[in-house]
Amino acid sequence: MKRRTVLVAMAAAPLGAMLPVTGFAQGKPIVLGFAQVGAESEWRTANTQSIKSSAKDAGIELKFSDAQQKQENQIKAIRSYIAQKVDVIAFSPVVETGWDTVLVEAKNAKIPVVLTDRAISSKDDTLYVTFIGSDFTEEGRKAGRWLVEKEKGNPGPVNIVELQGTVGSAPAIDRKKGFEEIIKSDPKFKIIRSQTGDFTRAKGKEVMEAFLKADGDKINVLYAHNDDMAIGAIQAIEEAGKKPGKDIIIISVDGVKGAFEAMMAGKLNVSVECSPLLGPQLMAVVKDIKAGKSVPKRIVTQESIFPMEVAAKEFPNRKY
Ligand code: GZL
């Protein structure tokens with residue numbers, strides 16, 4: 001009697017409901033093609049690690065490429081995934097524009113596309129299923145709010161130099177926008193120099209050296225769009241005989257281990273968290289897409305802000 005009940009139950013429910021959502025579709029592993037930006041920062045390294053380990057855990061076959069921060073390489077990789085007829089394509093667009101042609105090719109090939117980390121600027125939002133990533137404008141606002149609070153007793157001027165991320169990238173555009181939205185409330189804040197350091201330590205150091213040469217004694221604050229550029233700038237500030245974190249207040253974004261080490265050394269004042277650990281969410285979305293489930297158009301990662309005062313306490317909890 002018991003055996004029959006179980007059989008009826010099995011027959012009644014649709015097969016999909018009976019099987020755990022795995023990395024398999026029609027009995028073979030789901031194949032995901034991922035076109036990564038590059039390996040330009042600690043953040044990117046942690047992001048790659050999260051994607052690779054999550055794919056393995058999910059039983060999803062991952063094809064992975066590193067574009068060395070060049071859009072043409074990402075486009076080439078997406079075309080190769082289309083030719084290989086992967087099940088899903090995911091990528092972090094190095095810049096916001098120039099994707100429509102290749103994404104139309106993916107759409108015509110009936111391969112769903114997922115954006116992770118960075119967004120694209122396109123009139124046609126049917127070119128991707130969903131965008132999983134941070135709210136970069138809010139990250140910029142958090143940086144601005146921290147500075148307004150920090151300088152509330154200071155009549156000014158507060159002269160700021162800015163190390164921007166990769167030109168044309170969503171994080172660079174939006175972190176600048178959010179920061180300026182907040183500091184424009186008080187004319188004492190002035191961005192006296194702003195230039196891209198392309199999210200790397202080396203370029204961040206090089207550009208900060210130029211800022212110091214031009215305006216050294218006038219600089220009160222550095223706003224860096226990521227920790228790697230801030231860490232490079234810290235080296236330049238020390239080589240110029242100034243104390244980073246004291247003579248020049250430093251604000252950055254990401255919250256990578258290197259930033260926590262700089263904060264614990266008193267050389268960085270605050271890092272706004274931007275989580276690279278997008279792998280688990282990406283794999284869950286890939287499985288949902290293959291299982292025919294609907295997914296939200298936008299999945300925002302929840303994040304915090306870490307001033308140097310909490311760095312030592314928070315450091316042991318950090319996963320990247
Ligand atoms: C943000 C990410 C940025 C990081 C940088 O989501 O795209 O690119 O802030 C990384 O560290 O290089």
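Whatever order the structure lists them in is the order used to number ligands and atoms, beginning at 1. Keep in mind that what you see is a predicted model, and the values were worked out from it rather than measured.
- Proximity of S169 to ligand 1, defined as any heavy-atom pair under 4.0 Å, is not found for any part of the residue.
- Here E139 has no heavy atoms under 4.0 Å from ligand 1, in either its backbone or its side chain.
- For atom 3 (C) of ligand 1, the closest non-hydrogen atom on the protein side is R118 NH2, 3.7 Å.
- At a 3.5 angstrom cut-off on N or O pairs, R44 counts as close to ligand 1.
- The atoms of ligand 1 that sit less than 4.0 Å from any heavy atom of F136 are 1 (C), 6 (O).
- Cation-pi contact between R318 and Y320: present, with separation from the ring centre below 6.0 Å and deviation from the ring axis of at most 45°.
- Near S41, meaning under 4.0 Å from any of its heavy atoms, are these atoms of ligand 1: 5 (C), 10 (C), 11 (O), 12 (O).
- For the pair K63 and F34, the cation-pi criterion (under 6.0 Å, within 45° of the ring axis) is not fulfilled.
- Using a cutoff of 4.0 Å between basic side-chain nitrogens and carboxylate oxygens, K205 and D228 are not scored as salt-bridged.
- Contact check on R44 versus E40 returns a salt bridge, with a Lys/Arg side-chain nitrogen under 4.0 Å from an Asp/Glu carboxylate oxygen.
- In the model, H225 has no side-chain atom that pairs as donor or acceptor with a side-chain atom of E139 under 3.5 Å.
- Defined by atom type and a distance below 3.5 Å, a donor-acceptor pair is present between the side-chain atoms of N47 and Q36.
- Contact between C274 and ligand 1 is present, with at least one heavy atom of the residue lying under 4.0 Å from the ligand.
- Comparing heavy-atom distances from atom 9 (O) of ligand 1 across V37, D254, N226 singles out D254 as nearest.
- Near E40, with a cut-off below 4.0 Å to any heavy atom, the atoms of ligand 1 are 8 (O), 10 (C), 12 (O).
- Remark: K287 NZ to L32 CG distance equals 12.0 Å, nearest 0.5 Å.
- The shortest separation from a heavy atom of D228 to ligand 1 is not under 4.0 Å, leaving the residue out of contact.
- An N or O contact shorter than 3.5 Å links D117 to ligand 1 by distance.
- Look at E138 and R175 and you find no salt bridge, because none of the NZ, NE, NH1 or NH2 atoms lies under 4.0 Å from a carboxylate O.
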